[in-house]
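These notes are about the structure you will find just below.
The residues of the chain are indexed from 1 along the displayed sequence. Side-chain atoms are counted along with the backbone in the values below, which use heavy atoms only and exclude waters and symmetry mates. Just so we're clear, the structure is a prediction, and the values are computed from it rather than from any experiment.
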Amino acid sequence: MNYHNYRDYYNKLRLDELGVPSDEEVEELEYELELRFQDFAHTDRKTWLRQNAYLEHFSETGTATSVARKADVTVNTAQRWERDNVLGFTRRLEVATLAFTDGLQEKALLRASDPDAPVTLLIELLRSNIPEKFSTRGRKPDAPNPNDPLRHYRENARREMEAGYPYFHKIAEGATNTP
């Protein structure tokens, strides 16, 4: 092997230590996080490994305090990493959060498929995943908007029109400019 191959081999070993096993993943992370692994100083490597430990635990539990304890960092350190986006931590935390919430959803779906599961679990899954149909806070698209300032006049015009006064039809239909 020539010098170039030894250097590549050494760099590959160092990336494996950082938990980045493939060249494709290296390229993707470097692009997405706007960093270069080959420019990492020793302290960057240590920070990356501590962040990975934190993120791995976070993706399982989603609780910052216990995760920090397990990863042997303080909550303040994790908050600083996120605030300052140290080594792309903010984006990596988003991915860990997604992994955690996906895991919760998967557990809930498994539980909801049990015939003895509480119906409320299934209802909450429907509300969270299809809010336009199942949310109690939302409204149906064809329902009147309660915040519409002209709603009262339109309702009265609709009643008048139904009572036989056809000149109220434009107001009742929601037209803003009536002759």
Side-chain angles (χ1 to χ4, degrees), residues 7-143 145-147:
R7 188 179 61 192
D8 289 345
Y9 179 73
Y10 178 71
N11 286 336
K12 178 69 174 154
L13 285 176
R14 290 174 48 184
L15 289 172
D16 286 344
E17 291 170 3
L18 292 175
V20 186
S22 69
D23 291 337
E24 293 82 20
E25 194 171 347
V26 168
E27 290 178 19
E28 183 179 326
L29 283 170
E30 287 182 335
Y31 177 76
E32 188 172 329
L33 303 176
E34 298 177 0
L35 54 81
R36 291 176 41 93
F37 288 108
Q38 70 185 37
D39 296 339
F40 273 22
H42 180 70
T43 55
D44 292 334
R45 298 173 74 72
K46 283 178 60 175
T47 300
W48 181 269
L49 291 172
R50 290 171 65 206
Q51 287 179 349
N52 279 355
Y54 181 91
L55 294 168
E56 181 180 334
H57 293 300
F58 190 88
S59 69
E60 295 166 1
T61 65
T63 56
T65 307
S66 66
V67 166
R69 196 175 317 111
K70 287 179 184 178
D72 199 27
V73 298
T74 66
V75 174
N76 289 336
T77 298
Q79 288 174 332
R80 181 182 52 80
W81 288 340
E82 184 177 8
R83 181 187 68 234
D84 298 342
N85 196 25
V86 175
L87 301 176
F89 184 76
T90 305
R91 176 67 182 127
R92 294 165 52 218
L93 181 60
E94 289 173 4
V95 172
T97 302
L98 179 62
F100 172 69
T101 57
D102 280 355
L104 280 180
Q105 185 174 3
E106 188 175 322
K107 288 175 187 173
L109 288 170
L110 285 172
R111 176 79 169 109
S113 66
D114 181 351
D116 297 327
V119 174
T120 55
L121 176 61
L122 185 55
I123 291 169
E124 287 304 316
L125 283 169
L126 290 169
R127 285 181 180 160
S128 65
N129 288 289
I130 315 171
E132 64 276 7
K133 280 190 172 183
F134 297 100
S135 175
T136 57
R137 292 184 182 170
R139 61 180 187 87
K140 295 185 180 187
D142 57 346
N145 181 355
N147 298 324

Exercise for review: Please examine the side chains of P118 and R111, heavy atoms only from C-beta on, and report whether any two atoms are closer than 4.5 Å.
Suggested key: yes

Point to revise | Flag, side chain of D44 to backbone of A41, donor-acceptor distance under 3.5 Å | key: yes

**Study point:** Reference residue W48; test side chain to side chain contact (heavy atoms under 4.5 Å, CB included); the match among L35, T43, V86
**Key:** L35

Exercise for review: Measure the spacing between CG of L104 and NZ of K107 and express it to the nearest 0.5 Å.
Suggested key: 6.5 Å

**Study point:** Minimum heavy-atom distance between V67 and T63, given as atom pair plus value
**Key:** CG2-O, 2.8 Å

**Study point:** Intermediate values then yes/no, side chain to side chain contact (heavy atoms under 4.5 Å, CB included), I123 and R127
**Key:** CA-CA 6 Å; I123 291 169; R127 285 181 180 160; 3.7 Å; yes

Practice item. Mark yes when over 12 heavy atoms from residues, nucleotides or ligands other than D84 sit less than 6.0 Å from its CG; otherwise mark no. Key: yes

Review point. In terms of the angle between their ring planes, are Y54 and W81 parallel, tilted or perpendicular, with boundaries placed at 30° and 60°?
Key: perpendicular

Point to revise | Pairwise distance NE2(H57) to CZ(R69) - rounded to 0.5 angstrom | key: 11.5 Å

Review point. Would you say E94 and T90 make side-chain contact, with heavy atoms under 4.5 Å?
Key: yes

Exercise for review: Would you give the length of the straight line joining atom CG of L87 to atom CD of E34, rounded to the nearest 0.5 angstrom?
Suggested key: 13.0 Å

Practice item. Work out which heavy atom in A71 is nearest to a heavy atom in R50; give both atom names and the distance. Key: CB-O, 4.5 Å

Review point. With no hydrogens and no angle check, is any side-chain donor or acceptor of S59 less than 3.5 Å from a backbone partner on F100?
Key: no

Exercise for review: State, yes or no, whether a side-chain contact exists between Q51 and V73 at a heavy-atom distance under 4.5 Å.
Suggested key: no

Study note, to complete from the structure: In terms of heavy-atom contacts, T74 and A68 come closest through C-CB, 4.0 Å

Check your understanding: Between F89 and L55, is any pair of side-chain heavy atoms under 4.5 Å apart?
Key -> yes

Check your understanding: If you measure from OG1 on T47 to NE2 on H42, what distance do you get to the nearest 0.5 Å?
Key -> 9.5 Å

Practice item. Decide whether R91 and N85 meet the rule of one side-chain donor and one side-chain acceptor closer than 3.5 Å. Key: no

